[in-house]
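Note that the numbering runs from 1 along the sequence shown for the chain. This one's a predicted model, so the numbers in the text were calculated from it and none came from an experiment.
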Amino acid sequence: MSVIELQDVTRIYKIGEVETAALRGVDLTIEEGEFMAIVGPSGSGKTTMLQLMGCLDRPTSGRVHINGQDVSRLNANKRADLRKGAIGFVFQFFALIPGLTAYENVELPLLLSGAKKAERRERANELLEAVDLTDRAGHRPDQMSGGEQQRVAIARALATHPVLVLADEPTANLDTDNGRQIMEIMLRLNEETGTTFIFATHDPRVFPFARRLVTLRDGKVTDNSKHA
């Protein structure tokens, strides 16, 4: 079953009289449970593709389907509703809320979705254990290392049982050891939960973790290869 399908997707940004094509007629199908990397040089269209997959933006032309639903023309409120339940995000700069503890950051999406307190507690503790941060549950972001903060971000992304997790340069601000640990955690959670993980990166150190590499250049897919 396909989780995402892009059909002849183009995204053009216009500033004044100048138009820039970030994506140019992209066709791509992503199946349930994949662990996939979008790679390419800066300006190739990686982040734009993630934004479309995450319902943060809409294509200029073409169609984007998520779980069989055409989301290309949904309004902002309906896209937000879809993101809230079906899509988790992991960002380069972690994007944790500074005043909240690790536990509270993981709990927040559940709180916003209306989950009951007992359910929130069970899920947040389960995810903190999954990323090996049970002993840091009461610590704020400024009391944790970059690697620990990114592990909290991964736990938060999985809080609402999304069908899809999108990670934008998840290792860019981490050293080699922490970057490897983050990729190993995401791969393990992918295998254990069946959640689809898609990450955009220009870091060649993490390419070997992907079971599929989609290469973008100048807004077009130039390679689409699977490997063990």
What salt bridge (Lys or Arg N to Asp or Glu O under 4.0 Å) pairs are there with at least one residue in residues 50-70, not counting sequence neighbours?
-> Arg11-Asp57, Arg63-Asp70
Apply salt bridge (charged side-chain N to carboxylate O under 4.0 Å, His left out) to Arg120 and list each qualifying residue two or more places apart in sequence or on a separate chain.
-> Glu107
Could you tell me whether the side chain of Asp8 reaches within less than 4.5 Å of the side chain of Val26, counting heavy atoms only?
-> no
Does a side-chain heavy-atom distance below 4.5 Å link Leu52 with Leu23?
-> yes
Close side-chain approach of Gln150 to Val90, heavy-atom, < 4.5 Å = yes
Is the backbone N or O of Thr195 less than 3.5 Å from a side-chain atom of Thr193, with the two atoms forming a donor-acceptor pair by type?
-> yes
Under 3.5 Å, side chain of Asn178 to main-chain N/O of Leu174, donor-acceptor pair present?
-> no
Value rounded to 0.5 Å, distance of CD1 in Ile4 from CD in Glu34 | 9.5 Å
Looking only at heavy atoms, what is the nearest atom pair of Val106 and Ala155, with distance?
-> CG2-CB, 3.8 Å
Between Ile198 and Leu50, is any pair of side-chain heavy atoms under 4.5 Å apart?
-> yes
Verify the cluster assignment for Ile38 and Phe209: are they in a single hydrophobic cluster under the rule of side-chain heavy atoms below 4.5 Å apart?
-> no
Quick one: do Leu82 and Val71 satisfy side chain to side chain contact (heavy atoms under 4.5 Å, CB included)? Show the steps, please.
-> CA-CA 9 Å; Leu82 183 61; Val71 302; 3.5 Å; yes
Other than Leu100, which residues form its hydrophobic cluster under the rule that side-chain heavy atoms must be closer than 4.5 Å?
-> Ile97, Leu108, Leu111, Leu112
Do other residues, nucleotides or ligands put more than 12 heavy atoms under 6.0 Å from Glu129 CD?
-> no
Taking atom CD of Gln149 and atom CZ of Arg140, what is their separation to the nearest 0.5 Å?
-> 11.5 Å
Euclidean distance, Arg156 CZ relative to Leu128 CG, rounded to 0.5 Å | 12.0 Å
Over all heavy atoms of both residues, which pair between Gly147 and Ile182 is shortest? Give the atoms and the distance, please.
-> O-CD1, 3.8 Å
Any side-chain heavy atom of Asn190 sitting closer than 4.5 Å to one from Val165?
-> no
Exercise: do Asn224 and Arg212 side chains pair donor with acceptor under 3.5 Å | yes
Asp168 CG to Gln51 CD distance, which is reported to the nearest 0.5 Å | 8.0 Å
Would a 4.5 Å heavy-atom cut-off, applied to side chains only, mark Val64 and Ser72 as touching?
-> yes
Residues forming a ring-ring contact (aromatic ring centres under 6.0 Å, His included) with Phe35, sequence neighbours excluded = Phe197, Phe199
Passes side chain to side chain contact (heavy atoms under 4.5 Å, CB included), Ile30 versus Ser2? Steps please.
-> CA-CA 6 Å; Ile30 300 166; Ser2 65; over 6 Å; no
For Leu164 and Leu166, what are the C-alpha separation, side-chain angles and deciding distance, and is it a side chain to side chain contact (heavy atoms under 4.5 Å, CB included)?
-> CA-CA 7 Å; Leu164 172 67; Leu166 302 174; 3.8 Å; yes
To the nearest 0.5 Å, tell me how far Lys220 NZ sits from Thr215 OG1.
-> 15.5 Å
Provide the closest heavy-atom pair for Val9 versus Pro59 in the form atom of the first, atom of the second, distance.
-> CG1-CB, 3.9 Å
Is the backbone of Gly40 close enough, under 3.5 Å, to the side chain of Lys46 for a donor and an acceptor to pair up by distance?
-> yes
Only counting residues at least two apart or in another chain, list the ones meeting side-chain hydrogen bond (donor to acceptor under 3.5 Å, both in side chains) with Glu104.
-> Thr101
Who else is in the cluster with Leu110 when I, L, V, M, F, W and Y are joined by side-chain contacts under 4.5 Å?
-> none
By salt bridge (charged side-chain N to carboxylate O under 4.0 Å, His left out), which residues pair with Glu126, not counting sequence neighbours?
-> Arg123
Would you find a donor on one side and an acceptor on the other, under 3.5 Å apart, between the side chain of Thr222 and the backbone of Leu216?
-> no
Residue set satisfying side-chain hydrogen bond (donor to acceptor under 3.5 Å, both in side chains) with Glu169, at least two apart, ordered chain then number -> His202
Identify the two heavy atoms, one from Pro98 and one from Pro141, that lie closest to each other, and give their separation to 0.1 Å.
-> O-CD, 3.4 Å
With sequence neighbours left out, the residues meeting salt bridge (charged side-chain N to carboxylate O under 4.0 Å, His left out) with Arg136 are Glu148
Over all atoms of both residues, closest heavy-atom pair of Ala124 and Tyr103 = CB-CE1, 3.6 Å
Joint hydrophobic cluster, Leu74 plus Ile87, side-chain heavy atoms closer than 4.5 Å = yes
With no hydrogens and no angle check, is any side-chain donor or acceptor of Thr29 less than 3.5 Å from a backbone partner on Glu5?
-> no
With no hydrogens and no angle check, is any side-chain donor or acceptor of Glu191 less than 3.5 Å from a backbone partner on Arg188?
-> no
Connected via hydrophobic side-chain network under 4.5 Å: Val152 and Leu187 = yes
Could you walk me through whether Arg83 and Leu56 pass side chain to side chain contact (heavy atoms under 4.5 Å, CB included), step by step?
-> CA-CA 8 Å; Arg83 287 195 304 271; Leu56 296 170; 3.6 Å; yes
So do the side chains of Lys84 and Pro162 get within less than 4.5 Å of each other, counting heavy atoms only?
-> no
Would you call Arg180 and Asp177 a salt bridge, using N to O less than 4.0 angstrom?
-> yes
Do Met49 and Leu6 touch side chain to side chain, with heavy atoms closer than 4.5 Å?
-> yes
Evaluate whether atom CG of Asp218 has more than 12 neighbouring non-hydrogen atoms of other residues, nucleotides or ligands under 6.0 angstrom away.
-> no
For Ser42, all residues meeting side-chain hydrogen bond (donor to acceptor under 3.5 Å, both in side chains), sequence neighbours excluded | none
Transitively linked via ILVMFWY side-chain contacts under 4.5 Å: Ile185 with Met183?
-> yes
With the 4.5 Å side-chain cut-off for hydrophobic clustering, are Phe91 and Leu189 part of the same group?
-> no
Set of salt bridge (charged side-chain N to carboxylate O under 4.0 Å, His left out) partners for Glu32, sequence neighbours left out | none
Applying side-chain hydrogen bond (donor to acceptor under 3.5 Å, both in side chains), name anything that partners Asp203, two or more places apart in sequence or on another chain.
-> Thr171, Arg205
